[in-house]
Amino acid sequence: MSSEIRVRFAPSPTGYLHIGGARTALFNWLFVRHHGGKLVLRIEDTDLKRNTEEAAAAIYEGLEWLGLNWDEGPHIGGNLGPYFQSQRTEIYERYLKKLQDGGHIFEDQGALRFRSPREHVVVNDLVCGKIDFDLTNPGTHPDMTIRRPDGSWIFHFVNVIDDIEMKISHVIRGEDHLSNTPKHIEIFRALGVSPPNYAHIPLILNRDGSKMSKRDAGAAVSTYIDQGYAPEAVRNYLCLLGWSPKDNREKIDIDEVVKLFELEKINRRNAAFDLDKCFWLNGQYVAQMSLDRFIELARPFLERAKIDISNDKYLREVLAIVKEKIKLFKDVPEWTSYFFTENYEFDSEAVQKVFDKSEAVSRLKALHEEFAKVDKWDFQTLESALKSLAQKLGCKTGDLVHPARVAVSGRSVGPSLYHMLEVMGKERVLKRFDRMMAQLGAK
RNA sequence: GGCGCGUUCGUCUAGUGGUUAGGACACGGCCCUCUCAAGGCCGGUGCACGGGUUCGACUCCCGUACGCGCUGCCA
């Protein structure tokens with residue numbers, strides 16, 4: 001038997017990728033990238049016969065988004081396929097025959113059961129340590145069913161057979177399988193195969209300690225994709241659930257995690273998913289990522305919002321000044337739309353608040369005259385022009401900034417005014433000032 | 001009920017017999033400031049409980065409580 005390290009992520013195609021499943025996949029991925037070896041993706045679709053491909057698509061999408069590439073499985077192929085359990089019936093038949101020949105199987109009302117040897121089974125888990133399970137009492141540990149009367153297979157059996165056939169060396173899975181493990185080991189032994197190494201990782205729960213189900217906020221990886229999280233941030237956050245670099249680092253490069261990752265250092269305690277912290281970490285990533293990466297992640301959201309971003313240079317300039325304000329990429333259109341159209345909306349509350357002061361319009365007018373004289377249209381010049389005008393008028397800087405901001409963007413919040421003005425350009429800015437004044441005068 | 005796993009701030013964690021129990025998120029206050037953020041500074045909150053072992057326990061052992069998991073012809 002080869003000593004190659006082979007692990008697998010074996011999700012059931014439920015139509016979405018659970019955050020806990022993603023973390024399991026991540027730990028498998030980290031383990032195999034750390035040691036060198038192969039990650040197999042296997043779809044466990046024994047029970048759900050309907051549209052597996054469609055339901056599995058969400059899993060592929062989630063894994064790919066997180067950058068968790070697999071070495072064998074759907075889309076990739078491999079020598080030990082097929083990688084869908086629904087297509088492996090002959091293999092299961094063959095192993096069933098072996099067990100039957102060995103006298104390990106009996107029939108019960110049409111279903112087939114595996115006869116337990118009734119012994120103690122010691123699981124030597126890489127995370128949880130040595131655990132002794134007493135399976136001698138049939139009352140508490142009944143013989144497990146491995147095939148239903150209709151011929152369909154039960155998880156425990158096919159899972160083991162596939163791990164044998166796919167030469168899996170380490171089974172890294174959720175702790176919910178820990179109590180199943182001695183039963184699995186019984187099948188390995190009945191087949192004369194030595195069981196793989198096991199590592200049961202703690203579960204991810206809600207903040208209140210309850211189990212995370214599909215409907216809970218943040219349970220599905222797709223929500224992070226839709227909301228515009230940076231995949232590297234979510235992946236980083238997931239690394240920190242049950243594992244730690246032990247040096248107080250929170251933001252840590254994935255290459256570094258690969259280098260440091262060891263199963264033995266994983267916690268045994270279930271972790272609560274803290275969406276606030278995930279959000280914060282995402283903010284760290286967004287703030288520190290390159291402008292190119294930022295544009296790459298922002299682009300699909302802008303396109304979806306049908307914002308005209310055909311001018312590449314302008315897009316780049318706009319995103320450069322907005323970048324520091326963005327937490328989630330889904331917010332990019334909201335923060336930038338007025339840069340790209342003269343048809344931007346005016347927040348009536350902002351207009352009312354800012355232009356409530358009778359001097360506001362005249363100040364805007366004075367600022368217009370001042371800016372019209374500016375030749376060197378950059379943020380430094382604009383800032384000093386505005387500030388010296390404020391001094392001349394005897395008002396606060398903000399008394400000029402706020403009207404200008406509303407005029408030029410329609411709202412009271414946004415990036416640094418001077419940078420906005422620089423990016424928009426003199427002509428556009430003065431035109432917007434004009435329109436604002438006209439609008440207010442007409443009313 | 002039985003079996004298994006777990007228990008350090010609200011949350012994620014560092015800690016492996018002697019620490020003022022450290023960091024991060026969240027929270028409160030202050031500073032900065034053209035808005036919103038960001039950033040900086042300060043602050044409070046924690047070793048589930050009870051027994052041991054030991055000169056000394058967050059750290060080791062036992063028990064209790066609580067949580068989670070398994071106990072399916074779900075995966």
Side-chain angles (χ1 to χ4, degrees), chain A residues 10-14 21 43-48 85 108-113 123 125 127-129 131-135 137 139-142 144-156 158-159 173-183 200 202-211 237 239-251 267-281 283-284 286-287 322-327 335 350 353-354 383 386-387 390 396-406 409 411-420:
Chain A
S12 163
T14 50
I43 305 298
E44 306 218 330
D45 57 345
T46 53
D47 197 47
L48 351 161
Q85 290 186 330
D108 172 26
Q109 293 183 66
L112 299 184
R113 288 181 184 271
V123 177
D125 193 274
V127 173
C128 304
I131 305 161
D132 188 320
F133 291 91
D134 179 0
L135 304 191
N137 183 352
T140 56
H141 295 86
M144 68 181 136
T145 305
I146 65 164
R147 201 181 72 173
R148 303 185 187 89
D150 69 0
S152 60
W153 304 96
I154 303 296
F155 157 77
H156 302 293
V158 293
N159 184 270
R173 67 200 342 178
E175 198 198 48
D176 48 339
H177 289 297
L178 183 56
S179 297
N180 292 148
T181 303
K183 294 191 288 191
H200 287 91
L203 270 19
I204 296 181
L205 310 171
N206 287 313
R207 278 293 295 268
D208 64 6
S210 64
K211 195 157 62 165
Y237 178 71
C239 287
L240 265 21
L241 251 28
W243 179 88
S244 153
K246 301 194 187 295
D247 57 8
N248 290 340
R249 271 182 295 179
E250 307 289 335
K251 181 167 182 281
N267 282 164
R268 302 104 196 269
R269 185 197 180 188
N270 289 164
F273 193 90
D274 187 349
L275 199 52
D276 284 334
K277 185 156 182 179
C278 184
F279 179 77
W280 167 81
L281 192 56
Q284 297 293 302
V286 174
V322 164
K323 179 171 178 282
E324 62 174 12
K325 304 292 179 185
I326 299 297
K327 295 302 229 357
W335 278 86
K353 189 181 163 206
V354 170
E383 178 168 3
L386 184 145
K387 282 186 170 163
K396 288 186 292 185
T397 310
D399 292 330
L400 291 173
V401 166
H402 299 312
R405 179 186 298 287
V406 171
S409 70
R411 50 194 88 178
S412 58
V413 300
S416 156
L417 177 74
Y418 313 114
H419 291 81
M420 271 170 71

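In what follows, every heavy atom counts, from backbone to side chain, and hydrogens, waters and symmetry copies are set aside.
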Can you tell me the distance, in whole Å, between the [atom1] atom of [X] and the [atom2] atom of [N]?
| X | N | atom1 | atom2 | answer |
| --- | --- | --- | --- | --- |
| A:L178 | B:C3 | CG | P | 15 Å |
| A:R207 | B:C12 | CZ | P | 8 Å |
| A:K246 | B:A14 | NZ | P | 4 Å |
| A:N248 | B:A21 | CG | C1' | 13 Å |
| A:L241 | B:C25 | CG | P | 16 Å |
| A:D247 | B:G15 | CG | C1' | 14 Å |
| A:K183 | B:C74 | NZ | P | 12 Å |
| A:N206 | B:G10 | CG | C1' | 15 Å |

Which part of the nucleic acid does [X] contact within heavy-atom distance under 4.0 Å: base, sugar-phosphate only, or nothing?
| X | result |
| --- | --- |
| A:N270 | sugar-phosphate |
| A:H177 | base |
| A:E250 | base |
| A:K396 | nothing |
| A:N267 | sugar-phosphate |
| A:H156 | base |
| A:G242 | sugar-phosphate |

Kindly say whether [Y] contributes a backbone atom to a donor-acceptor pair with the side chain of [X] at under 3.5 angstrom?
| X | Y | value |
| --- | --- | --- |
| A:S12 | A:T14 | no |
| A:S409 | A:V406 | no |
| A:D150 | A:S152 | yes |
| A:D208 | A:S210 | yes |
| A:N270 | A:P202 | no |

Criterion side-chain contact (heavy atoms from CB on, under 4.5 Å) on A:R113 and A:I146, from CA distance to verdict: CA-CA 6 Å; A:R113 288 181 184 271; A:I146 65 164; over 6 Å; no
From CA spacing to verdict: side chain to side chain donor-acceptor pair (under 3.5 Å), A:H402, A:S412: CA-CA 7 Å; A:H402 299 312; A:S412 58; over 6 Å; no
If you only use heavy atoms from C-beta on, which nucleotide in [options] is closest to the side chain of [X]?
| X | options | answer |
| --- | --- | --- |
| A:F133 | B:C70, B:C3, B:C73 | B:C3 |
| A:F155 | B:G4, B:A75, B:U11 | B:A75 |
| A:D276 | B:C25, B:C74, B:U71 | B:C25 |
| A:T140 | B:G2, B:G4, B:A75 | B:G2 |

Taking only the [atom1] atom of each, what is the distance from [N] to [M] in whole angstrom?
| N | M | atom1 | answer |
| --- | --- | --- | --- |
| B:G46 | B:G15 | C1' | 13 Å |
| B:A24 | B:U45 | C1' | 15 Å |
| B:C66 | B:C27 | P | 33 Å |
| B:C9 | B:A14 | P | 13 Å |
| B:G44 | B:G29 | C1' | 11 Å |
| B:C49 | B:U11 | P | 15 Å |
| B:G39 | B:C70 | P | 40 Å |
| B:C58 | B:U64 | P | 22 Å |

Applying a 3.5 Å limit to both distances, which nucleotide forms a Watson-Crick or G-U wobble pair with [N]?
| N | answer |
| --- | --- |
| B:C60 | B:G52 |
| B:C66 | B:G6 |
| B:A14 | none |
| B:G1 | B:U71 |
| B:C47 | none |
| B:G39 | B:C31 |
| B:A21 | none |

Contact under 4.0 Å: [X] side-chain N or O vs [N] OP1/OP2:
| X | N | value |
| --- | --- | --- |
| A:R148 | B:C74 | yes |
| A:T46 | B:A75 | yes |
| A:R269 | B:C12 | yes |

Taking for each residue the nucleotide of RNA chain B bearing the nearest heavy atom, is the 5' side occupied by A:P149 or by A:C128?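 Nearer the 5' end of the strand: A:C128.
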Please compare A:L240 and A:S210 by the position of their nearest nucleotide in RNA chain B and report the one closer to 5'. A:L240
Closest heavy-atom contact between A:L178 and A:C128? CD2-SG, 4.2 Å
Return yes if a side-chain donor-acceptor contact under 3.5 Å exists between A:S416 and A:R405, otherwise no.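 Looking only at side-chain atoms, A:R405 and A:S416 do not form any donor-acceptor pair under 3.5 Å.
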Verdict with reasoning, A:K387 to A:Y418, per side-chain contact (heavy atoms from CB on, under 4.5 Å): CA-CA 11 Å; A:K387 282 186 170 163; A:Y418 313 114; 4.2 Å; yes
Crowded around A:K251 NZ? As in, over 12 foreign heavy atoms under 6.0 Å?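 Yes.
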Contact state string [nucleotides 32-39 of chain B, B base, S sugar-phosphate only, - no protein heavy atom under 4.0 Å]: --BBBB-S
Can you find a donor-acceptor pair, distance only, under 3.5 Å between A:T145 side chain and B:G72 base?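 For A:T145, whose side chain was compared with the base of B:G72, there is no donor-acceptor pair (under 3.5 Å).
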